[in-house]
There are 2 protein chains.
Amino acid sequence: MSESASTLETASLKAPNLGIGAVERDTGLSKDTLRIWERRYQFPVPARDAYGERVYPLDQVDKLRIIKRLMDQGMRPGKIMHHSLDELRAIKRAHPEAAPTSPELQGLVSLILEHRVDELRSALAQQVLRLGLARFVIDIVAPLNNAVGEAWVGGDLAIFEEHLYTESIKVVLRNAIATVPRHTGSPRILLTTFPKEEHGLGLLMAEAVLALEGAHCVSLGVETPIPDIVRAAASQRADIVALSFSAAYAANGLLDGLAELRAMLPRNVEVWAGGSAMALVRRAPENLRIMRDLDAIRDALMLWRAEGVGT
Amino acid sequence: MSESASTLETASLKAPNLGIGAVERDTGLSKDTLRIWERRYQFPVPARDAYGERVYPLDQVDKLRIIKRLMDQGMRPGKIMHHSLDELRAIKRAHPEAAPTSPELQGLVSLILEHRVDELRSALAQQVLRLGLARFVIDIVAPLNNAVGEAWVGGDLAIFEEHLYTESIKVVLRNAIATVPRHTGSPRILLTTFPKEEHGLGLLMAEAVLALEGAHCVSLGVETPIPDIVRAAASQRADIVALSFSAAYAANGLLDGLAELRAMLPRNVEVWAGGSAMALVRRAPENLRIMRDLDAIRDALMLWRAEGVGT
DNA sequence: TCAAATAATTGACCTAGACAAAATAGGGTA
DNA sequence: TACCCTATTTTGTCTAGGTCAATTATTTGA
């Protein structure tokens, strides 16, 4: 409602603050959460416009984004809310999630930082050729994702740079997958994510690994409602339904959703879940397989084949 | 909070209703909107669980989805809310947005309906070869999108079938774009969507048309915050920023967002907006170009080149 | 040292009212 | 008839503060 109109048309940069709806969009924190944090932790502290509506300064939005990222790694809001932006970044550096970055990866990261999209893309394509698709995904893309995430929290990477990176990886991966001969083989695997999970990169990485092993992959893209996953599995005669969850996925819905899906699916269809969402580590629900990393996917595939069809 | 746990584990299908959060996800209607509709129009009429929380039966969710779709075409909630599902579908059929479907398209639609993904994909690829990429996008993909939308509202198409279709088109388009030689040419065009606009198909269609004309396209993918679009345009030295808006895009944010973007961008960078969002037809804001269809993109490109660089 | 019980934290949900922006309808004029 | 300007709906987003189940942390007891 607010969030614009404040336009002064003075040609130079402006738009110094955002309404609560815009902040919800840009941070992924619900309006409810934003309001209750303000009450409980005295942060954020938005100004008010002429109509009494919240107006968030940009630096507070930046801080909210970092807090969200730290929470995705398991920290609790009450503990970190009162720190300054710089302190939060220091905390982050003390809790690295990535393995120590190899000089090779560092080279790719600098290409991203310098916005050399074309060079990045050909460097990536070259690595695919050199390592093969599977090793490329496991040894390059996965750690690179972590490194990019780190850089983002560290304040060294803008959102658009992350977008540029993600798009490049997607292009390279899709091209590589397209070269894998179309396999009529088994098992038949349906890939997708739950609603609210819009990150499709993990899906693509899984598809690359699976397709390479000769599985018949059908991707629904992201955000398929659960009843439709069930219908799609039936129509595609899927042996396995594979779900991907990014670190940002709302923890609560995850286990519930998986249980719901499991219950609606025929018993002979397996459910595989993977990704960097925290909720996946805690407990492993019954009757479904959790993949901690991409290598686990290959192992699971071997296992499935060893067990024979229809187990 | 509700939305599961009700699991009876009776093996057969269940999950007959959803909490308000799940409905928000699956319909795209905000919690606020769902609650106020209930107050104003006596629809939806969710049951309440043991804690007094709303529990929506599946058929009401279906009706909400249709209503959302009709509103995306410009109808107003107060007018259509009280009709039954069948009446709504009848209304829909009386307001077709698509041009009369050619038998050729009908063939593709049946492939979708019969879930013959592989055949659909090769039929599409074949059309690309036959017509060329540009005509394929303009004469096949665009009307096919409409036809699929129609079928969905008519109740003939499940969500997962739409996903299957969208993924197929994306795969075919990306492959085709990848074969276009990487052009270092001008103009340099940055493509993306605003936050909350997750439909990337329009973007891909535009990219296909533009790349074919020799423009240098850089896609950021979907949902880039406005300040980051500005930064990306600078870093990529873009001459043009192209935005895509699907019919489902929240009307209000659109014009505001475009004005904001326009104000933050240097004057010599053009802003192009296209897509099927209703808000685009009404008024054409200053200093930016609205594309009503894909042919308009080609015209605009010619015009830009005729005007010469740096106008 | 480990497990069970208790306490604190957290976010999703609730009601109900206010109000600006957008869409429609009314009325007068060229 | 076409057009513009002004009411009058209509609509969704925002406000406030309250409740509560589920999760996480801490203490206690064996």
Ile36(B) CD1 to dA16(C) C1', straight-line distance once rounded to whole Å: 9 Å
Looking at dT13(D), I'd like to know if its phosphate oxygens (OP1 or OP2) sit under 4.0 Å from a side-chain N or O belonging to Ser30(B). yes
Thinking salt bridges, do Arg69(B) and Glu162(B) make one under a 4.0 Å N-O criterion? yes
For atom CE of Met81(B) and atom P of dT10(D), their distance in whole Å: 13 Å
5' priority, DNA chain D, between Lys79(B) and Arg39(A) [closest heavy atom]: Lys79(B)
Quickly work out the Lys68(A) NZ to dT10(C) C1' distance and round it to whole Å. 15 Å
Could you check how far CG of Asp49(B) sits from C1' of dC20(D), rounded to whole Å? 11 Å
Taking the nucleotide of DNA chain D with the nearest heavy atom to each, does Glu24(A) or Asp32(A) sit closer to the 5' end? Glu24(A)
State whether the distance check finds a donor on one side and an acceptor on the other, under 3.5 Å, for side chain Arg35(A) versus base dG11(C). no
Between dA22(C) (P) and Met71(B) (CE): distance, integer Å: 15 Å
Does the side chain of Arg40(A) get closer than 4.0 angstrom to OP1 or OP2 of dT9(C) through an N or O atom? no
May I ask you to verify if any side-chain N or O of Arg54(B) is less than 4.0 angstrom from the OP1 or OP2 atom of dC14(C)? yes
Rounded to the Å, how far apart are Leu34(A) CG and dT13(D) P? 16 Å
I'd like to know if Asp72(A) and Lys68(A) make a salt bridge, using a cut-off of under 4.0 Å between side-chain N and carboxylate O. yes
Got a donor-acceptor pair under 3.5 Å from the side chain of Arg76(A) to the base of dA25(D)? no
Should Thr33(A) be listed as having a side-chain N or O under 4.0 Å from OP1 or OP2 of dA12(C)? yes
When you measure from the side-chain N and O atoms of Tyr41(A) to the phosphate of dT10(C), is any distance below 4.0 Å, counting only OP1 and OP2? yes
d(CE, Met75(A); P, dA25(D)) in whole Å: 12 Å
Any side-chain heavy atom of Arg25(B) within less than 4.5 Å of one from Phe194(A)? no
Can you see if the side chain of Arg48(A) gets near the phosphate of dA16(D) - specifically, an N or O under 4.0 Å from OP1 or OP2? yes
Examine dT13(D): is either OP1 or OP2 under 4.0 Å from a nitrogen or oxygen in the side chain of Lys31(A)? Give yes or no. no
State which residues pass salt bridge (Lys or Arg N to Asp or Glu O under 4.0 Å) with Glu198(B); sequence neighbours excluded, sorted by chain then number. none
Polar contact flag, side-chain donor to acceptor under 3.5 angstrom, Glu150(A)-Trp152(A): no
From CD of Glu53(A) over to P of dG12(D), roughly how many Å is that when rounded to an integer? 16 Å
